[in-house]
Protein chains: 2
Amino acid sequence: MTTERKPRKDAARNREAVLAAADALFAREGSPDDVTMADVAAAAGVGKATLFRAFGDRPGLLRALYEARLAPVREAIESGPPPLGPATPPRERVPALLDAVLCFKLDNRRLAVALEESGTNSPYQAAHYQRWHGLLRGVLEQVPGLPDGDFAAHALLAAVRADLVEHLAGRERMPRERMRERLAEFTARVLGTAPGTG
Amino acid sequence: MTTERKPRKDAARNREAVLAAADALFAREGSPDDVTMADVAAAAGVGKATLFRAFGDRPGLLRALYEARLAPVREAIESGPPPLGPATPPRERVPALLDAVLCFKLDNRRLAVALEESGTNSPYQAAHYQRWHGLLRGVLEQVPGLPDGDFAAHALLAAVRADLVEHLAGRERMPRERMRERLAEFTARVLGTAPGTG
DNA sequence: TTGCAAAGCGGACCCCGGGTCCGTATCGTT
DNA sequence: AACGATACGGACCCGGGGTCCGCTTTGCAA
């Protein structure tokens, strides 16, 4: 087993400072890649090496920020009450999950875009995507009449990809509630629960 | 009006050489961004400046390659016979369009990925995306019972995004015909023409 | 054919951002 | 207080996109 030593307290403090600074910068700046690593280091009042030692590389920093923000949502999904929690019947849980993802991306647009475009490789290898996909796929496969949960999960998640959300909400100024509504309609159609279909 | 002068013939020749070289390199290399502009210039037997003069910047080169490959498909869509051409009834044309996009991306995976990730800004501002979306949206809105063609068009196109296609076809080795089938099923569900729904 | 702009060429060069090195400062333990 | 381990920081390196400018080629015209 890999014995995890606990970090020195200045290290921990710096780590927090960096996270806070990065958070603020991404919120403030227009485009994610206008924020350079040197910027973050400077804003945190820290040397570049400290930053890289703490997070490995740029994607590492983004991931850390992302996971921190995502934690409450994960919690709600893994052990919360319906309609997000595991006790929810599949037909209701699927739209709830997608809505949660959408809302999360709406609330963290810049960050989500930065993360998706940061890796040198596709977002589909990212651990958090694999988790979302695995979960959604599992729930979809409990819905009778859905022939292929795997592809459907990918396709539904594609509809809430960060850059699409950013495009619609940011560039096209589509209101939040409208987007949620459209996504719900779309999901319902895929599930075969659409009003017009019956 | 902007008077377009015709280029000198060595310029034209070089332009072709660059396109051919880039094409070959993207096909050969594993990852799109392993191919540098300098590589392309060298492979084409041309100076870097020539390359940049001809195409502006890296995205410009990618776009040129992409448009060239895309031309026959556009042709088939704009003035070809059914099921792609304009004479096709909407309910058949939507899946045909998506299938065409999917096949195109399968045949030009590397290039499509490179293009989507190349721009400093999202792929949703790219002219070719706007065209696909506008077209699909228009067709969708001719289908009765579809409340929102705009979002549905985005969502359906998201299901055939280059990196997803690359992930499924490349990394996960999903066979071509299987992908087409899954996409067709998914599309049918959205359109309300799925076998399980009726 | 030769003259001569203008258009084009090429590769050395610049810029800038991610990532590293290593001498110095801090921590925390004895 | 002292000393090893751990962390700090900013100068530094590297590699890739994009530009500059002195030289070559083209094509028109005399």
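Residue numbers start from 1 in every chain, and the chains themselves are labelled A, B, ... in the order their sequence lines are given, proteins ahead of strands.
Ring geometry for His128(A) versus Tyr66(A): interplanar angle of 30 to 60°, hence tilted. Relative ring orientation between Tyr129(A) and His154(A) is described as parallel, the plane-to-plane angle staying below 30° on a 0-90° scale split at 30° and 60°.
A close approach under 4.0 Å does occur between a side-chain nitrogen or oxygen of Thr50(B) and OP1 or OP2 of dG10(C).
Salt-bridge formation is not detected for the pair Glu172(A)/Arg182(A): no Lys NZ or Arg NE/NH1/NH2 atom is positioned less than 4.0 Å from an Asp or Glu carboxylate oxygen. Salt bridge annotation for Glu116(B)-Arg161(B): present, with a cationic side-chain nitrogen under 4.0 angstrom from a carboxylate oxygen. A salt bridge does not link Arg110(A) to Glu117(A): none of the charged nitrogens lies less than 4.0 Å from a carboxylate oxygen. Taking a cutoff of 4.0 Å between a charged side-chain nitrogen and a carboxylate oxygen, Arg176(B) and Asp107(B) qualify as a salt bridge.
Nearest-nucleotide assignment on DNA chain D puts the 5′-proximal partner with Val46(A), out of Val46(A) and Arg58(B). For Lys48(B) and Pro59(A), each mapped to the nucleotide of DNA chain C holding its nearest heavy atom, the one lying further toward the 5' end belongs to Lys48(B).
With rounding to whole Å, Asp39(B) atom CG is found 11 Å from dG15(D) atom C1'. Atoms CG (Leu61(B)) and C1' (dG16(D)) sit 15 Å apart, rounded to a whole Å. One interatomic measurement links the two molecules: CZ of Phe52(A) to P of dC8(D), which rounds to 14 Å at whole-angstrom precision. Rounded to an integer number of Å, the gap from CZ of Phe55(B) to P of dG8(C) is 14 Å. Distance, Asp57(B) CG to dC15(C) P: 20 Å, rounded to whole Å.
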Using a 3.5 Å cut-off and no angle test, enumerate the donor-acceptor pairs between side-chain atoms of residues 68-84 of chain B and protein atoms at least two apart in sequence or in another chain.
{"residue": "Arg69(B)", "atom": "NH1", "partner": "Asn108(B)", "partner atom": "OD1", "Å": "2.1"}
{"residue": "Arg69(B)", "atom": "NH2", "partner": "Asp23(B)", "partner atom": "OD1", "Å": "2.1"}
{"residue": "Arg69(B)", "atom": "NH2", "partner": "Asp23(B)", "partner atom": "OD2", "Å": "3.4"}
{"residue": "Ser79(B)", "atom": "OG", "partner": "Glu75(B)", "partner atom": "O", "Å": "3.4"}

Heavy-atom protein contacts under 4.0 Å, nucleotides 21-27 of chain D, coded B base, S sugar-phosphate only, - none:
----BSS
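Going from atom CD of Glu181(A) over to atom CD of Glu185(A) covers 5.5 Å, rounded to the nearest 0.5 Å.
Within residues 14-38 of chain A, the residues that have a heavy atom under 4.0 Å from DNA chain D are, in order of number, Asn14(A).
Contact annotation: the side chain of Val160(A) never approaches that of Phe104(A) to less than 4.5 Å [non-hydrogen atoms, C-beta and beyond].
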